[in-house]
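Below is one structure, written out as structure tokens, with a few remarks after it.
What you see is a predicted model; the values in this text were computed from it and never measured.
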Amino acid sequence: SKTMKYKVSERQKGLSSRYELQMKTKSRGVIWVNASGAPVYDGDGKVIGSIGINTDITQRKKVEAEMESLSRFPRENPFPVLRFSVDQRVFIYNNNPGESIINHLSLKKNMVLNKHWEDLFETSYKNNKTVQEELQVNSVLYMCNIVPVQKSNYVNVYMSDITEERAAEEALLDSEEKFRSLVENMNEGVIRINVDDTIEYVNESFCKILGYSQKELLGKNRFDVLAIDDDSMKEIEKSIAKRKKGVSSKYELKHQRKSGEWIWVSINGTLLHDDKGVMVGSMGIVADITNQKRFEEEIKRLLNIPEGVAT
């Protein structure tokens, strides 16, 4: 969607973002998603990708739609509803569920608004559109949907409890941060490529194994920058064929380091899919097995085992 493309371009500029959009799923049809994205930097502070968290907010959006349908009958709304006069800039009404909110905010009828909320109400009213703002009330986090009613010169504030949703989102973000920290500090190398074999991510260990910097690898086609011998290319071709069938693979390659030295590496590949189940690339865990290979060859030599025969 245009929204997603715009937000991705923002992350490429180093900006974090949070937005809502609709997605079509394989089994559940169209759902609403709250997307949070943050840029990922390399050691030089350059943006090399992003981490995103998608939270299903379909139920919340249904609640908001129900609340909007009740906009002319706030007394019947089971959620907190507050009403504010735009021209007089004062609080004028709350329904029964909204009683706890006005007590927390110490609001009284005809009480003048503070500048922050006054600006939000004015923006909503002037542009005739719903504006959202979060409000913490004790241990409960509310999403406030500010809806203008221009014919009557007021705005209604419909509030929904998003405490559990936000807690789940923060837990996911924490998990993503832990995963990123784990990957960045692994002894094994990690490489992520897209379906066109363009390198999208490498960790420091991968760079050390092959002697390149992240800057030299990111955005490059792996076959243009990472040299392998002819036999290894055959293994790569087998891996690509498996990948097209949706099958992960494990194989060994003979790679050339930037210095010209040839080494053996093992690669354990895993397929990556987007939210719709479409394959978008693969991630490989890479280990230097050169010493292991030398040991195997030495064992073969000592036992007079012909070259090419597995031990």
Side-chain angles (χ1 to χ4, degrees), residues 1-12 15-40 49-74 76-82 95 97-98 100-101 104 116-117 120-121 123-124 127-149 155-180 272-278 280:
S1 69
K2 292 182 179 180
T3 299
M4 185 178 290
K5 290 180 180 179
Y6 174 71
K7 295 300 181 179
V8 169
S9 69
E10 281 191 329
R11 289 202 289 279
Q12 291 172 345
L15 300 174
S16 298
S17 58
R18 177 181 292 160
Y19 52 98
E20 296 178 357
L21 73 161
Q22 287 182 297
M23 281 188 167
K24 188 175 182 180
T25 64
K26 187 175 181 180
S27 59
R28 297 177 53 204
V30 178
I31 65 171
W32 275 96
V33 169
N34 182 292
S36 299
V40 176
S50 63
I51 288 180
I53 296 175
N54 292 337
T55 305
D56 186 345
I57 58 169
T58 307
Q59 187 58 39
R60 194 191 88 196
K61 297 300 284 188
K62 288 180 179 178
V63 170
E64 289 174 1
E66 291 173 4
M67 292 189 331
E68 188 170 351
S69 70
L70 292 167
S71 61
R72 296 184 181 181
F73 310 98
E76 300 176 20
N77 199 312
F79 304 97
V81 179
L82 309 183
N95 65 354
S100 61
I101 307 298
H104 175 80
H116 173 71
W117 287 95
L120 289 174
F121 297 157
T123 298
S124 171
N127 296 304
N128 194 27
K129 67 176 185 179
T130 299
V131 173
Q132 292 187 319
E133 179 76 356
E134 293 179 3
L135 176 66
Q136 186 79 40
V137 178
N138 299 320
S139 61
V140 180
L141 181 64
Y142 287 98
M143 176 62 75
C144 302
N145 294 278
I146 304 168
V147 181
V149 184
V155 295
N156 284 338
V157 181
Y158 303 96
M159 306 175 70
S160 57
D161 185 346
I162 61 169
T163 310
E164 291 185 3
E165 174 190 317
R166 184 52 47 79
E169 184 180 314
E170 290 176 355
L172 281 172
L173 182 59
D174 183 56
S175 296
E176 290 283 351
E177 290 291 341
K178 288 178 180 177
F179 175 76
R180 181 172 65 175
L272 301 175
H273 300 84
D274 63 14
D275 294 329
K276 299 178 181 178
V278 178
V280 294

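No donor-acceptor distance shorter than 3.5 angstrom exists from the side chain of Thr25 to the backbone of Val30, with no hydrogens or angles considered. In this structure a side-chain-to-backbone donor-acceptor pair under 3.5 Å is present from Asn95 to Val81. Judged by distance alone, the side chain of Gln136 and the main-chain N or O of Asn138 form a donor-acceptor pair under 3.5 Å. Between the side chain of Thr58 and the main chain of Ile31, no donor-acceptor pair closer than 3.5 Å is present. In this structure, Asn127 contributes its side chain and Lys129 its backbone to no donor-acceptor pair below 3.5 Å. No donor-acceptor pair closer than 3.5 Å links the side chain of Asn156 to the backbone N or O of Ile146.
Note that CZ of Phe79 is 9.0 Å distant from CG of Asp161, once rounded to the nearest 0.5 Å. Annotation: the span from Met143 atom CE to Gln132 atom CD amounts to 4.5 Å, rounded to 0.5 Å. One finds the CG atom of Leu135 at 9.0 Å from the CG atom of Leu82 (value rounded to the nearest 0.5 Å). To the nearest 0.5 Å, atom CG of residue Asp56 and atom CD of residue Glu165 are 9.0 Å apart.
Closest of all the heavy-atom pairs between Pro80 and Ile101 is CB-CG1, 3.9 Å. Of all heavy-atom pairs spanning Pro148 and Thr130, the tightest one is CD-N, 4.3 Å.
Taking 4.5 Å as the limit, some side-chain heavy atom of Trp117 sits within range of a side-chain heavy atom of Glu133. Considering only heavy atoms from C-beta on, Phe121 comes within 4.5 Å of Val157 through its side chain. Cys144 has its side chain out of reach of Tyr158: every pair of non-hydrogen atoms, C-beta onward, lies at least 4.5 Å apart. Taking 4.5 Å as the limit, some side-chain heavy atom of Gln22 sits within range of a side-chain heavy atom of Trp32. Contact check for Ile162 versus Glu134: side-chain heavy atoms found under the 4.5 Å cut-off.
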